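The next block holds one structure in the form of structure tokens; read it before the comments.
The model shown is predicted, which means the values in this text are computed figures rather than measured ones. In each ligand, atom 1 is the first atom listed, and ligand 1 is the first ligand listed. Keep in mind that the numbers below use all heavy atoms, side chains included, and drop hydrogens, waters and symmetry copies.
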Amino acid sequence: MPQPLAVVGISELVTLSGPPRARTGAEMGDLAIMRNGVLLVRDGRIEATGTRAEIESRITAEYEVIDAGGRVVLPGFVDAHTHTVFAGTRVDEFERRARGETYEQIAAAGGGIRSTVRKTRAASEDELFEAARARLKWFLRNGTTTIEIKSGYGLSLADELKMLRVIRHLNESGSLRTVPTFLGAHEIPDEFRGDRDGYERLIVNEMLPALTREKLACYCDTFCEPKIFPVESARRILTAARHAGLGLRIHADQLSRSGAVELASELRTATADHLEQTDSAGIETLLRGGVQPVLLPASAHTLGSKRFPPAREMIDRGLAVVLATDFNPGSSPTPSMPFVLSLASTQMHITPAQAITAATINAAYSLDLADSLGSLEPGKLADFAIHDCSDYREIAYHAGVEPAARVFIAGREVYSRS
Ligand code: NIG
Ligand code: FE
């Protein structure tokens, strides 16, 4: 067992302690900050938090003392929506969009997701693993310690299983924690153009049984859009996934308001993600279904859209909002949660405190991990970062700076900038 730790000299110990449920309304603005805080860690878990005066007498010679030097300590970010495993980049499409083409035009011409599918199919499991492992460092440098990762660039039985095995291997590699989501319904692959029903049968009859036999996924997601997987099709896929024992998430209302949030509510999915096109009625529908919205402002930003999800209204109406990067090679090539926090404040007008709640404890609830992650409370896993600032709001404010100086997972240092 590693030596117990005492982290001292913390200007703001951002604990996010509070009621044992996803935070809503005014709770989202309360980070439960301890000034001049001390964090004790034992056996990979949080032993205690308190002010220097309360805790100091408990720090015996047995502890390794870490001086945070007057900086902020935050729980590790939980990034609840990423597509981190893929081959290549789509930097050519980035430039084409700069010249005026749209994401949809590029996709209709055979680019977009299908272009990453071709490259991902051509890559070996080892190549995909090495490429993704390098990206995990980018997340750590930004203070993220847990990421959900979706498949969805394989779109054949063998290639989807290949992606999910890479995600599992990443989880075992001693870097970040990863949560696997099956996204076979991300796009219709080239060989099934014009035969969506045939592809749907492949997902339901072959992919779902195979990946559940190998226990390769915790969740199933579907890109619900009229021209990709319309509501009827998404309902069949998600229902089959639920019968196979998977939790449910859904890409909803990204490009059009198509009935996806109504489906999310009907199926009581854990989350509905994107929601750029969602209106007040949609918010009401999500509330009725107990669905957590996962907002991805970096993808609206990257696509050059002015249309961001109505985050303020969602919080005011009582939804337990989550923020995530959507890291992927097309619509959101950033792994940076601090950049997402900045966009949340500048484009969606939610405060840094609300944004941090959305990126930590609420995200942990959305992945059913809040028993052990998302806040710094005794008994939880010691996943935290020392950020290079004395006021937590600077993490969102200095967009573009990688703020994490030292990052710990289960009490073990996994990244140090120096
Ligand atoms: O969440 N919208 C679907 N999926 C991704 C984009 C994936 C890609 O373009 O490669 C998203 O934005
Ligand atoms: Fe996505």
Tell me the protein heavy atom at minimum distance from [atom], and give that distance in Å.
| atom | value |
| --- | --- |
| atom 12 (O) of ligand 1 | Ser331 OG, 2.6 Å |
| atom 2 (N) of ligand 1 | Gln254 OE1, 2.6 Å |
| atom 4 (N) of ligand 1 | His186 NE2, 2.8 Å |
| atom 7 (C) of ligand 1 | Tyr153 OH, 3.3 Å |
| atom 6 (C) of ligand 1 | Tyr103 OH, 3.2 Å |

Heteroatom of Asp326 nearest to the Fe ion (ligand 2) (N, O or S, atom name): OD1
Under the side chain to side chain contact (heavy atoms under 4.5 Å, CB included) rule, what do Ile315 and Gln354 come out as? Steps first, then yes or no, please. CA-CA 9 Å; Ile315 293 173; Gln354 292 169 327; 4.0 Å; yes
Does Arg90, backbone or side chain, put an N or O under 3.5 Å from an N or O of ligand 1? yes
Can you check whether Phe327 and His83 have ring centres sitting under 6.0 Å from each other?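 Not under 6.0 Å, so no.
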Are Phe229 and Phe223, when compared by the centres of their aromatic rings, separated by less than 6.0 Å? no
Quick one: which ligand 1 atoms are inside 4.0 Å of a heavy atom on [X]?
| X | value |
| --- | --- |
| Asp326 | 1 (O), 11 (C), 12 (O) |
| Ile113 | 7 (C), 8 (C), 9 (O), 10 (O) |
| His81 | 1 (O) |

Side chains of Phe408 and Ile66, heavy atoms from C-beta outward: is any pair under 4.5 Å? yes
Does atom CZ (Arg393) have a neighbourhood of more than 12 heavy atoms from anything else shown, all under 6.0 Å?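 12 or below, so no.
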Can you tell me how far apart CD1 (Ile149) and OG1 (Thr82) are? Round to the nearest 0.5 Å.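 It comes to 5.0 Å.
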Regarding Arg135 and the six-membered ring of Phe86, is the cationic atom NZ or CZ under 6.0 Å from the ring centre and inside 45° of its axis?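 Relative to the ring axis of Phe86, which defines the angle, Arg135 lies inside both limits.
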Which value, rounded to 10°, describes the NE2(His251)-the Fe ion (ligand 2)-NE2(His81) angle? 90°
Does Leu13 form a side chain to side chain contact (heavy atoms under 4.5 Å, CB included) with Leu376? I'd like the steps, not just the answer. CA-CA 9 Å; Leu13 175 58; Leu376 301 177; 3.9 Å; yes
N/O/S atom of Asp221 under 2.8 Å from the Fe ion (ligand 2), yes or no?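 Looking at Asp221, which is the residue asked about, there is no N, O or S atom under 2.8 Å from the Fe ion (ligand 2).
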Suppose we only count N/O/S atoms under 2.8 Å; would His274 qualify as near the Fe ion (ligand 2)?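 Of the N, O and S atoms in His274, none lies under 2.8 Å from the Fe ion (ligand 2), which means no.
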Can Asn328 be said to touch ligand 1, with heavy atoms closer than 4.0 Å?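 The answer is yes: ligand 1 sits under 4.0 Å from a heavy atom of Asn328.
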Determine whether the side chains of Arg45 and Ser372 contain a donor N or O and an acceptor N or O closer than 3.5 Å. no
